[in-house]
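Okay, so here's the structure we're looking at.
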Amino acid sequence: MSPVRWGIIGCGAVTEVKSGPAFVKAEGSALVAVMRRTAHLAEDYARRHGVPRWYADAEALVRDPEVDAVYVATPPVGHLDGVCLAARHGKPVYVEKPMARTHEECLAMIDACRQAGVPLFTAYYRRMLPRFVKVKALVDAGAIGDVRVVSIRLSRRHVPTSGALPWRVVPEVAGGGLFVDLASHTLDLLDHVLGPIAEAQGGAANQGGFYAAEDIVTASLAFASGAKGTGLWCFTADRDEDVVEIIGSTGRLTFSTFDERPVLLIRGGEAKEFVIPHPPHVQQPLIQSIVDQLRGQGPCGSTGESGARTNRVMDALLAGYRSTRR
Ligand SMILES: NC(=O)C1=CN([C@@H]2O[C@H](COP(=O)(O)OP(=O)(O)OC[C@H]3O[C@@H](n4cnc5c(N)ncnc54)[C@H](OP(=O)(O)O)[C@@H]3O)[C@@H](O)[C@H]2O)C=CC1
Ligand SMILES: O=C1CO[C@H](CO)[C@@H](O)[C@@H]1O
């Protein structure tokens, strides 16, 4: 069976280690073209990674007859255009997270891909990482009984930047600030492990005044399963913290979304730790499952629909803050 030949739109930081080499290493997959607007940097990337062709124009990349599938890895502002462009040329698309700046943009992407008859995948790679596969397997096997509540606490110290502020805190580019950038991973992971979040209420504010985006967010979550949840995100905190705790009727699971600390299972009086390291290229398991689907070998579980659900929750939590900014 011939390999899936990938082209990348936006070969920046995430493509250096997390995803680019994963396209090459996945079985039945090849990376044949890259694109970024800065031509010499596209060429530099291609030469360093052994990619045969490079472009400074996204249309040229999607028109390349040797590109079978497209990975859109620009900042969120470019996701909608990149996905629709690839779909118009009949190419399956893998889009970076957050899937878009808003849920509305996600729906437009889903619609474009549906009309073109091409599949759409979103880069929430934690769904396939061995550590979180274990978390889901424990929950599904009833290791903590029925899930009652989940709590999410993520804080980061504000790290001042001396030069231009990064695009991650420019709402027009990112869709929001570090909440959108980072909380999206936890919310998507919980969608995977516990099922969809049916309702999200809460609010956001900017307390530090360092940039125009929200820097604190609180949430009260209701899962379709009946489980409830709370979320606290603070990006101008005293210290870095990253704790997710799922509390069930007979036990609890504690883990981190970003830190590589062990998964902790507490049941009765006993605690058990699972130390499960990440693979060198963290997107590889997800990319493998996309390639497998494209080659007719089973469905991948990180789709446009799942990615859009996460944007819908983030929109609900940011609605009030966005309206005050306007
Ligand atoms: N899943 C994960 O673990 C991670 C995901 N990400 C996600 O990947 C995406 C890209 O992040 P990252 O690689 O860190 O970003 P970078 O800023 O490092 O790279 C962005 C790339 O996109 C190109 N680009 C195209 N359009 C724009 C635009 N409007 N503004 C800025 N750059 C643009 C840039 O090149 P040029 O300017 O030459 O066109 C550059 O190659 C984001 O959605 C981010 O959230 C990021 C890190 C990890
Ligand atoms: O997982 C991640 C690691 O941090 C990056 C920078 O904040 C994020 O963009 C990314 O999604």
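Note that ligands are numbered from 1 as they come in the structure, with each ligand's atoms numbered from 1 the same way.
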Between [X] and [Y], does any side-chain N to carboxylate O distance fall below 4.0 Å?
| X | Y | result |
| --- | --- | --- |
| Glu43 | Arg47 | yes |
| Arg322 | Asp315 | yes |
| Asp188 | Arg127 | yes |

Of the backbone atoms (N, CA, C, O) and the side-chain heavy atoms from C-beta on, which set of [X] has a member under 4.0 Å from an atom of ligand 1: side chain, backbone, both, or neither?
| X | result |
| --- | --- |
| Val77 | side chain |
| His79 | side chain |
| Ala73 | backbone |
| Asp181 | side chain |
| Arg37 | both |
| Ala123 | backbone |
| Tyr125 | side chain |
| Cys11 | backbone |

Heavy atoms from other residues, nucleotides or ligands near [atom1] of [X] exceed 12 (cutoff 6.0 Å):
| X | atom1 | answer |
| --- | --- | --- |
| Arg267 | CZ | no |
| Glu270 | CD | no |
| Arg153 | CZ | no |

Any idea which atoms of ligand 1 are less than 4.0 Å away from a heavy-atom of Gln283? 1 (N), 2 (C)

Quick check on contacts: which atoms of ligand 1 are under 4.0 angstrom from a heavy atom of Lys18? 3 (O), 48 (C)

How far is [atom] from its nearest protein heavy atom, and which residue and atom name does that atom have?
| atom | result |
| --- | --- |
| atom 32 (N) of ligand 1 | Pro75 CD, 3.3 Å |
| atom 11 (O) of ligand 1 | Trp167 CZ2, 3.5 Å |
| atom 48 (C) of ligand 1 | Val14 CG2, 3.4 Å |

From [options] - option closest to [atom] by heavy atom:
| atom | options | value |
| --- | --- | --- |
| atom 12 (P) of ligand 1 | Met35, Glu96, Arg168 | Arg168 |
| atom 42 (C) of ligand 1 | Val17, Leu41, Thr74 | Thr74 |
| atom 7 (C) of ligand 1 | Arg126, Met99, Lys97 | Lys97 |
| atom 5 (C) of ligand 2 | Leu178, Asp181, Thr257 | Asp181 |

Within the 4.5 Å heavy-atom criterion, are [X] and [Y] side-chain neighbours or not?
| X | Y | answer |
| --- | --- | --- |
| Leu138 | Ile144 | no |
| His49 | Glu16 | yes |
| Val67 | Tyr55 | no |
| Thr102 | Asn311 | no |
| Thr310 | Pro98 | no |

Give the atom numbers and elements of ligand 2 that come within less than 4.0 Å of a heavy atom of [X].
| X | value |
| --- | --- |
| His185 | 1 (O), 2 (C), 10 (C), 11 (O) |
| Lys97 | 8 (C), 9 (O), 10 (C), 11 (O) |
| Leu182 | 4 (O), 7 (O) |

I'd like to check whether [X] has a polar contact with ligand 1, where a contact means an N/O of the residue lying under 3.5 Å from an N/O of the ligand.
| X | answer |
| --- | --- |
| Ala13 | yes |
| Arg36 | yes |
| Thr15 | no |
| Val173 | no |

Mind checking whether Phe121 and Tyr94 have ring centres under 6.0 Å apart? no

Parallel under 30°, tilted from 30 to 60°, perpendicular over 60°: which one fits the rings of Phe23 and Trp6? tilted

Heavy-atom pairs closer than 4.0 Å: do any link ligand 2 to the side chain of Lys18, the backbone, both, or neither? side chain

Does Arg156 reach ligand 2, in the sense of a heavy atom lying below 4.0 Å from it? no

I'd like to know if the side chain of Ser155 reaches the main chain of Asp240, judged simply by a donor and an acceptor atom lying under 3.5 Å from each other, with no hydrogens or angles considered. no

